[in-house]
Q: 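Here you go, one structure.
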Protein chains: 2
Amino acid sequence: MDRETVLASLLRRLNTVSKLDPADISAIRSLPIAVRHWEGGRAIVSDGERPKDCCLIIEGFCVRSKTTVRGGRQILSIHIRGEIPDLQSLHLQTMDHDLITLVPSTLGFISHASLRALTHARPSVADALWRDTLIDAAMFREWIVNVGQRPAPARLAHVVMELRRRLAVTKRAEAAAIEFPLTQEQIGEALGITPVHANRIIKQLRQDGIVDVSKGQVQVLDETKLAKFAPFDDRYLHLDPSA
Amino acid sequence: MDRETVLASLLRRLNTVSKLDPADISAIRSLPIAVRHWEGGRAIVSDGERPKDCCLIIEGFCVRSKTTVRGGRQILSIHIRGEIPDLQSLHLQTMDHDLITLVPSTLGFISHASLRALTHARPSVADALWRDTLIDAAMFREWIVNVGQRPAPARLAHVVMELRRRLAVTKRAEAAAIEFPLTQEQIGEALGITPVHANRIIKQLRQDGIVDVSKGQVQVLDETKLAKFAPFDDRYLHLDPSA
DNA sequence: GCGCATCCTTAACCTTTGTTGGAACAGGTC
DNA sequence: GACCTGTTCCAACAAAGGTTAAGGATGCGC
């Protein structure tokens, strides 16, 4: 994997979310990044561990999740390329959840040491990364609303809308279909429902002609119906650095 | 309200959560803080606003919440004294949720300008505040698990356990009772259930001799039963700066 | 003391979601 | 081809939680 591509995916994300000046960008460009490939369905870091680096997703999909004592698993967020899903470990040394690949992925590891040196040398880069973790928190807030307030079918539709909006930034959301590499069991874990019920609502959304969730992707069947069924306001994603 | 008391509540929180050296502490001490009193049930900042300062809770209780288009309200977190519930607005200019007092409260407002100057001058203070916002996110993650995975009675017990643990840090959790100034409707909004159902589970927990939620407080009826009913691991609160 | 508003409480009924168990299908391996 | 394993799909029944409606308590203002 060529270093220019790696940096491009990182910088695209940071640039859409914050304003970076040329000096910041060149400082980020000189960050050492160790590229590694990862199988699908494998933990990158697990609950209780103390990682020594942060993980940039160069290509692929990851989820973060927590497991309860009763064995239930809750998916907390879905991550796409360009994101650093465990940036929080920079200041929260011990993981309180798992980070897992959904599909075979290319990852870039950046040591805490080099990140800390960078943030201390350049407060404006610290601000950008800080902001990134705050957007993470904003997405968790919306996820709470999703699980707490919406009926199951609307929950699924909302997750689809969000992922679609985020993929659009990376220029990879084709008009009507997006990648969605979750099994029905994982969809259940994301929405706080059983896999059986996940299957029911997927069927229902398909029959109602709204979206078709299958084979690792989502086909939007009717844009208008979807927008009506799951009203989506992307403000919480804070994609505009000046707003 | 005497300035020393104000600083004490802020520093206690930051000190239990991060390691601050004497120079950091004295820099924080010189932060300008405008103290104001607020009625109960009133918004401090609302969704869509662009506040110019952050709000320290000196005395009282606040919640953060989001309202859906269908009118449902979801409480996202409960905040106690010493906390800065909208620290995130430092880098996320536009609020994506509301911050509301539950009871008459004393608040300290600290301008974004002075906080930004401080974090840029002292990277270690920036790290401490950054860490604080990351703990915020960790609490949201646990809140997602609570709403997504646990049956309603266990959800309530978990919220009680968490608040109890956090109040203990401020030395105000008496052995068997804690302040819990939420109406049953608000409890429902926190747990993602209707007020009627909130009433049902409160009754059940009381009858089962676990906790008694009433009159703005929670009485723990049986410590052992509670611990068994709602196993609680406080790791996600990241109260130990070195862990 | 009366009236008003807010909160707590309960009951009956209905809808959504969970549980159990099993069939059908695909991809991979021997 | 036969045999895995993981996934999708489905049906019947049970449990949790939502809805509606209404009565009782409590505190506050007048």
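Proteins come first, then strands; the chains are lettered A, B, ... in the order of their sequence lines, and each starts at number 1.
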Q: Is it the case that A:Arg155 and A:His158 place a side-chain donor and acceptor less than 3.5 Å from each other?
A: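 No - no donor-acceptor pair under 3.5 Å links their side chains.
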Q: Would you indicate which nucleotide in C:dT19, C:dT17, C:dT9 comes nearest to any side-chain atom of B:Gln184?
A: C:dT9
Q: Just by distance, with hydrogens left out, do A:His112 and A:Gln93 show a side-chain donor and acceptor under 3.5 Å apart?
A: no
Q: Please state how far atom CD1 in A:Ile193 lies from atom P in C:dG18, giving the value in whole angstrom units.
A: 6 Å
Q: Counting any heavy atom closer than 4.0 Å, what does B:Gly188 reach on the DNA or RNA strands: base, sugar-phosphate only, or nothing?
A: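 Nothing: the residue B:Gly188, judged by heavy atoms under 4.0 Å, touches no strand.
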Q: Return the value, rounded to whole Å, for the distance between atom CD of A:Glu189 and atom C1' of D:dT7.
A: 14 Å
Q: Calculate the interatomic distance between B:Gln204 atom CD and C:dT10 atom P; express it in whole Å.
A: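 It is 13 Å, rounded to the nearest whole Å.
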Q: For A:Leu182 and D:dT7, give me the distance from atom CG to atom C1', rounded to whole Å.
A: 14 Å
Q: Tell me which nucleotide among C:dG18, D:dA11, D:dG17 gets nearest to the side chain of B:Arg155.
A: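 From the listed options, D:dG17 comes nearest.
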Q: Would you indicate which nucleotide in D:dG17, C:dT19, C:dC8 comes nearest to any side-chain atom of B:Thr183?
A: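 In terms of side-chain proximity for B:Thr183, the closest of D:dG17, C:dT19, C:dC8 is C:dC8.
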Q: Taking only side-chain N and O atoms of A:Arg206, does any of them lie within less than 4.0 angstrom of OP1 or OP2 on D:dC9?
A: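 So the side-chain polar atoms of A:Arg206 do come within 4.0 Å of the phosphate oxygens OP1 or OP2 of D:dC9, strictly under.
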Q: Distance check needed: D:dC10 P versus A:Ile201 CD1, whole Å only.
A: 14 Å
Q: Compare all side-chain heavy atoms of A:Asp136 with those of A:Leu87 and state whether any distance is below 4.5 angstrom.
A: no
Q: Do A:Arg150 and B:Thr68 meet the criterion of a side-chain donor-acceptor pair at a distance under 3.5 Å?
A: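 Per modelled atom types, A:Arg150 and B:Thr68 side chains form no pair under 3.5 Å.
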Q: Can you tell me the distance, in whole Å, between the CD1 atom of B:Ile187 and the P atom of C:dC7?
A: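 Rounded to the whole Å, the gap is 12 Å.
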Q: Side chains of B:Arg235 and A:Thr94: do they bring a donor and an acceptor to under 3.5 Å?
A: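 Per modelled atom types, B:Arg235 and A:Thr94 side chains form no pair under 3.5 Å.
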Q: D:dC9, OP1 or OP2 - any side-chain N/O from A:Lys203 closer than 4.0 Å?
A: no
Q: Rounding to a whole Å, what distance do you find between A:Gln149:CD and C:dT16:P?
A: 16 Å
Q: Please classify the nucleic acid contact of A:Gly192 as base, sugar-phosphate, or nothing, using heavy-atom distances under 4.0 Å.
A: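 Sugar-phosphate contact only.
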Q: For B:Asn199 and C:dC8, is the shortest distance between a side-chain N/O and OP1 or OP2 below 4.0 Å?
A: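 No.
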Q: Tell me: NE2 of A:His197 to C1' of D:dA14, nearest whole Å?
A: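 Going from NE2 in A:His197 over to C1' in D:dA14 covers 15 Å.
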Q: Closer to the 5' end of DNA chain C via nearest nucleotide, is it A:Val196 or A:Pro151?
A: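 Comparing both residues, the 5'-ward one is A:Pro151.
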Q: More 5' along DNA chain D: A:Arg200 or A:Lys215, using each one's nearest nucleotide?
A: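 With A:Arg200 and A:Lys215 compared, the 5'-side residue is A:Lys215.
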